[in-house]
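Worksheet for the structure shown next.
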2 protein chains.
Amino acid sequence: MLTNTPKIASTVSLRSDAGLASALRVSLARLNRRLRKQAMDHSLTPTQLATLAAVERHTAMSPGELAEHEKVQPPSMTRVIAKLEERGLLARTPHPTDRRQVSISVTEAGTNLLKEERRLKEAWLAQRLKDLTPEERATLRSAAPILEKLSTM
Amino acid sequence: MLTNTPKIASTVSLRSDAGLASALRVSLARLNRRLRKQAMDHSLTPTQLATLAAVERHTAMSPGELAEHEKVQPPSMTRVIAKLEERGLLARTPHPTDRRQVSISVTEAGTNLLKEERRLKEAWLAQRLKDLTPEERATLRSAAPILEKLSTM
DNA sequence: TATTGTTATACTCTATAACTATA
DNA sequence: TATAGTTATAGAGTATAACAATA
């Protein structure tokens, strides 16, 4: 170790809006980093996992839509889908009318993997919530819908 | 477009602890995804950016420490450092006593990049906070330290 | 002729193994 | 002989360009 002195946290007051933004940004990033570590050993890349979740969320999508949604190029999505299909997490069915297109959907195994993934993260979080005071939990209960709102504004 | 019907959100009640954990997880993930998009076009990989931030946070670190901190192998860190040094964001100075070691520190340009990166995210967040009601902002002010606490428990 | 998706190929990032310099 | 770091090389993942099938 050379030196290992963490710097003093931001001194901007929480009372100002800029201070609140700063404090929230730091807390959100840190908590998310911790949450991301609570993951299954599914050995899926982030893109693969996000693709699986997107298909589940939208019920059925074409490779082109998925590429756009995940901000990757179509050839990359072809390979992501191939991997997920190989592992039985996604299935491809022909498009009813346009035979150029393919419809991608989640298999039961894919759904189960996503469920388990979420279950692990939520279990970790629930455990920590248990160690808060009732007042702290009440505050978070009020804050949750506001955080939700922030991301859709 | 094939189909694009988003599924109904979780029906678990916010009142239960499991419901709170679920709601928080979703909100946190979504808000972070939005925040991450508010980034400079610095063309740094996630590892490069995280490394830069780690060095800033710890003032000075050795390549070995950085590799361990960022969970990459030493040879990978060698290349990350090389890239960051090439761009003038990190600097290397010899260790005072052990000539095998190298001390890595952030340059002024590196500090400025991190500042700008944070400024952008916080500006985006502050703008959204402005559109909340005073009560909602007060709730978030109370919640911020609790979120912070959750990640260190 | 335009569009959807795939194959061919190259580049980047990270890993393991082997090497150099210093303790 | 052990440790810190780098260089050499290989394996994944993604991009661009070219191609095949269908509209």
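As a basis for the values below, the full set of heavy atoms in this structure was taken, side chains included, without hydrogen atoms, waters or symmetry mates.
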N/O donor-acceptor pair under 3.5 Å between B/R30 side chain and A/E148 backbone: no
B/R79, CZ: over 12 other non-hydrogen atoms inside 6.0 angstrom: no
In whole angstroms, the gap separating P of C/dC13 from CD of B/E86 amounts to 11 Å
CD1 of B/I81 versus P of C/dT14: gap in Å, rounded? 12 Å
Just how far, in rounded Å, is P of D/dT14 from CG of A/L44? 12 Å
Please report, rounded to the nearest Å, how far the P atom of C/dC13 is from the CG atom of B/L84. 11 Å
Checking contacts here: which listed nucleotide (D/dA15, C/dG5, D/dA4) is nearest the side-chain heavy atoms of B/Q101? D/dA4
If the cut-off is 4.0 Å, is B/R92 near the phosphate of D/dT6, judged by side-chain N/O to OP1 or OP2? yes
Please give, in whole Å, the distance from C/dA8 C1' to A/R79 CZ? 11 Å
Specify the separation, in whole Å, of atom CD of B/Q48 and atom C1' of C/dT12. 10 Å
Nearest-0.5 Å distance that lies between atom CG in A/L31 and atom CZ in A/R128: 10.0 Å
Can you tell me the distance, in whole Å, between the NZ atom of B/K83 and the P atom of C/dC11? 13 Å
Which distance, rounded to the nearest 0.5 Å, do you find between the NZ of A/K83 and the OG1 of A/T51? 14.0 Å
Might you list the N or O atoms of the protein lying below 3.5 Å from N or O atoms in nucleotides 17-22 of chain C, with each pair's distance?
none

In whole angstrom, give the distance that lies between atom CD of A/E85 and atom P of C/dG5. 14 Å
Residues forming a ring pair (Phe, Tyr, Trp, His ring centres under 6.0 Å) with B/H42, sequence neighbours excluded: none
A/E116 and A/R119, any side-chain heavy atoms less than 4.5 Å apart: yes
Hey, does the side chain of A/S62 come within less than 4.0 Å of C/dT4's phosphate (OP1/OP2), counting only N and O? no
Ignoring backbone atoms, establish whether A/S76 has a side-chain N or O less than 4.0 Å from OP1 or OP2 of D/dG13. no
Hey, is the side chain of B/T78 poking within less than 4.0 Å of OP1 or OP2 on D/dG5, counting only N and O atoms? no
Which residue lies more 5' along DNA chain D, comparing A/P74 with A/T45 via nearest heavy atoms: A/T45
Let me know which of A/L84, A/L114, A/V106 forms a side-chain contact (heavy atoms from CB on, under 4.5 Å) with A/L89. A/L84
